[in-house]
Chemist: 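What follows is a single structure, and I will ask about it in a moment.
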Amino acid sequence: MPIPPPDLSRPLRLVFMGTPDFAVPSLQALLTREEEVVGVVAQPDKPSGRHMVLHAPPVKKYAFAHQVPVFQPQKIRAAETLAHLRDWQPDLIVVAAYGKILPRPILDLPPYGCINVHASLLPKYRGAAPIQWAIARGETHSGVTIMKMSEQMDAGDILVQTQVELGDNETGGSLHDKLAILGAQALGEALALFKQGKLSASPQNEAAASYAPMLKKEDGQINWTQDAVSIEQRVRAFYPWPSAYTYLAGRRLKILGAGVGKENVFAPSVPVAPGSVLGIEATHLSIATGKDCLHISTVQLEGKKTLPISEFLKGRNIVLGLRLGI
RNA sequence: CGCGGGGUGGAGCAGUCCGGUAGCUCGCGAGGCUCAUAACCUCGAGGCCCUAGGUUCAAAUCCUAGCCCCGCAA
């Protein structure tokens, strides 16, 4: 259904809520428009990095650099948080990867509600890690959706949606960067349409909804009984974080680059345990899986640097038949 | 002081516990073999063993301090 345009006699008062890198281009897009960004909400600084030093989230840094007031509530549901937002008197709140579920009072606060930038083609891949799961599950397309926020996670009416084709070498990192930009563009488009009175909202098809749960590090552990195609998809999806990994003699080995080998290098009559080294080549290590084999091309052993397999093999005694994953 | 691994010719590693001529797999150079080769053989060059102190007749190795790289965790 069409959404009536706002009062055009003044710029919109906007509050932006976001935390990580993904949200930065969207904030940037808002700042380059004529609207007035009266405040930015980001998650609190957290200890991170190798020495657990307190670090500001990227959105906070960006907002600081552009002289926009930043608010970092400890509790999104606290009364003071709502009061603070109310003081800013936003016409509309724009959310991009903020990282917390917004409670009803906040959703109802701005006259025009809250809109969200989501990195999937909703209703598919609702949830925290839509970018990575789209690749891990072998989708041919992904995209971004600008939606009106509702209490149910990522279930609000769709305002603008942009699709993108996934490349054969698409990784979680590359798609993240693309969709961050695309999301910012779609956001700008949505705002422009809104001001022209041409924005319309269409409900999501609940029957087609699917979910992309938050990534856990264990999601990266390779199950060698899976088929090589699926494993390769995970290698790409989880690059650069949390990375697909296996074990080499008890030490964690990240698989950062791989391909699928269709060759049948062993006799079908001789069963080879998934995870076994089937071939040692100049450009890759061929590993048995549930179906076909995985050609590992780039690895990183825990504590060591990322290396192409050719370099990795020079200092190590990798033999045919060696089992990975144990 | 969050936990842990590491810095050794151009690359990747061993040697460090138990001080005593610095080694392996490659790469590089020259030559040979071959119809041919990212194949094979021979020879060769290339190292302030991260830095600064200390211990010792003697330190890559032991002690102290520092710098840098990386994994976990977040």
Side-chain angles (χ1 to χ4, degrees), chain A residues 17-24 41-62 70 72-76 96-101 127-129 131-133 171-173 176 212-224 231 234-259 261 263 265 275 277-287 293 295-326:
Chain A
M17 300 180 69
T19 303
D21 285 318
F22 180 81
V24 171
V41 183
Q43 297 256 7
D45 294 6
K46 285 180 185 167
S48 67
R50 203 157 276 138
H51 299 289
M52 298 295 280
V53 184
L54 221 49
H55 281 291
V59 163
K60 178 188 182 182
K61 288 186 191 166
Y62 190 86
V70 175
Q72 294 175 281
Q74 289 294 331
K75 292 190 173 185
I76 192 67
Y98 174 65
K100 285 277 198 298
I101 308 279
I131 299 171
Q132 290 84 350
W133 286 116
T171 66
H176 169 280
M214 191 178 309
L215 289 177
K216 295 168 296 188
K217 67 174 183 191
E218 308 89 75
D219 292 323
Q221 178 158 4
I222 293 173
N223 173 359
W224 291 107
I231 295 173
R234 286 201 169 216
V235 169
R236 282 188 288 116
F238 296 158
Y239 179 88
W241 191 88
S243 292
Y245 64 90
T246 186
Y247 289 93
L248 173 63
R251 300 176 73 188
R252 186 184 291 229
L253 181 72
K254 286 185 179 177
I255 311 294
L256 300 173
E263 84 276 16
V265 297
V277 175
L278 291 178
I280 302 172
E281 308 292 335
T283 57
H284 65 266
L285 214 49
S286 190
I287 309 296
C293 39
H295 286 179
I296 299 176
S297 55
T298 309
V299 295
Q300 181 177 27
L301 193 62
E302 65 178 74
K304 308 298 269 183
K305 288 177 184 168
T306 299
L307 293 175
I309 205 74
S310 55
E311 296 298 304
F312 182 77
L313 290 172
K314 280 172 187 164
R316 255 160 255 279
N317 187 26
I318 304 290
V319 295
L320 290 176
L322 178 73
R323 286 284 296 281
L324 295 181
I326 50 179

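Chain naming here is simple, since letters A, B, ... match the order of the sequence lines and numbering starts at 1 in each.
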Chemist: Under 4.0 Å, counting only non-hydrogen atoms across every strand here, what does Lys305(A) touch: a base, just sugar-phosphate, or nothing?
Modeler: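 Since only primed, P, OP1 and OP2 atoms lie under 4.0 Å of Lys305(A), the category is sugar-phosphate.
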Chemist: Distance check needed: A38(B) P versus Ile280(A) CD1, whole Å only.
Modeler: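 To the nearest whole Å, that distance equals 21 Å.
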Chemist: What pairs of residues pass the salt bridge (charged side-chain N to carboxylate O under 4.0 Å, His left out) test when at least one of them lies in residues 248-257 of chain A, not counting sequence neighbours?
Modeler: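 Not a single pair qualifies under salt bridge (charged side-chain N to carboxylate O under 4.0 Å, His left out).
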Chemist: With both distances under 3.5 angstrom, what nucleotide forms a Watson-Crick or G-U wobble pair with C35(B)?
Modeler: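 Result: none.
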Chemist: Could you report the tightest heavy-atom contact between Met214(A) and Asp219(A), atom names first, then the distance?
Modeler: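 Answer, listing the atom of Met214(A) first, then Asp219(A): O-OD2, 3.9 Å.
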Chemist: With a cut-off of less than 4.0 Å, is there a side-chain N or O of Lys46(A) near OP1 or OP2 of G2(B)?
Modeler: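 No, no such contact exists.
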Chemist: Take atom P in A59(B) and the same atom in U55(B), then report the distance between them in whole Å.
Modeler: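 One P to the other, the span is 12 Å.
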Chemist: Does the side chain of Arg50(A) get closer than 4.0 angstrom to OP1 or OP2 of G71(B) through an N or O atom?
Modeler: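 The answer is yes; a side-chain N or O of Arg50(A) sits under 4.0 Å from OP1 or OP2.
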Chemist: Using only side-chain N and O atoms of Lys217(A), determine if any of them is under 4.0 Å from OP1 or OP2 of A73(B).
Modeler: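 For A73(B), OP1/OP2 do have a side-chain N/O of Lys217(A) under 4.0 Å.
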Chemist: Relative to each other, are the rings of His295(A) and His284(A) parallel, tilted or perpendicular (30° and 60° limits)?
Modeler: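 His295(A) vs His284(A) ring planes: parallel.
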Chemist: To the nearest Å, give me how far apart CG (Leu285(A)) and P (G12(B)) are.
Modeler: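 One finds 19 Å between P of G12(B) and CG of Leu285(A), rounded.
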Chemist: Take atom P in C33(B) and the same atom in C13(B), then report the distance between them in whole Å.
Modeler: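 Result for the P pair: 38 Å, nearest Å.
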Chemist: With nearest nucleotides of RNA chain B determined for Ala282(A) and Pro47(A) from heavy-atom distances, which residue corresponds to the more 5′ nucleotide?
Modeler: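 The 5'-side residue here is Ala282(A).
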Chemist: Using the test ring pair (Phe, Tyr, Trp, His ring centres under 6.0 Å), find all partners of Phe22(A) that sit at least two apart in sequence or belong to another chain.
Modeler: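 His176(A).
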Chemist: Kindly say if Arg252(A) contacts the phosphate of G71(B), meaning a side-chain N or O under 4.0 Å from OP1 or OP2.
Modeler: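 Answer is no, no contact under 4.0 Å.
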Chemist: Starting at the 5' end of RNA chain B and moving along, which residue's nearest nucleotide shows up first, Gln300(A) or Gly49(A)?
Modeler: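 Mapping each residue to its closest nucleotide by heavy atoms, the 5'-most match is Gln300(A).
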Chemist: When the C1' atoms of G9(B) and A14(B) are considered, how many whole Å apart are they?
Modeler: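 After rounding to an integer number of Å, I get 15 Å for this pair.
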Chemist: Please work out if Leu313(A) contacts a base, only the sugar-phosphate, or nothing of the nucleic acid, heavy-atom cut-off 4.0 Å.
Modeler: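 The residue Leu313(A) makes no contact with any strand.
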Chemist: Where the side chain of Glu302(A) is defined as all heavy atoms beyond and including C-beta, which of G71(B), A74(B), G5(B) is the nearest nucleotide?
Modeler: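 Closest nucleotide to the Glu302(A) side chain: G71(B).
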Chemist: State whether the number of non-hydrogen atoms from other residues, nucleotides or ligands found under 6.0 Å of Tyr239(A) atom OH is greater than 12.
Modeler: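 No.
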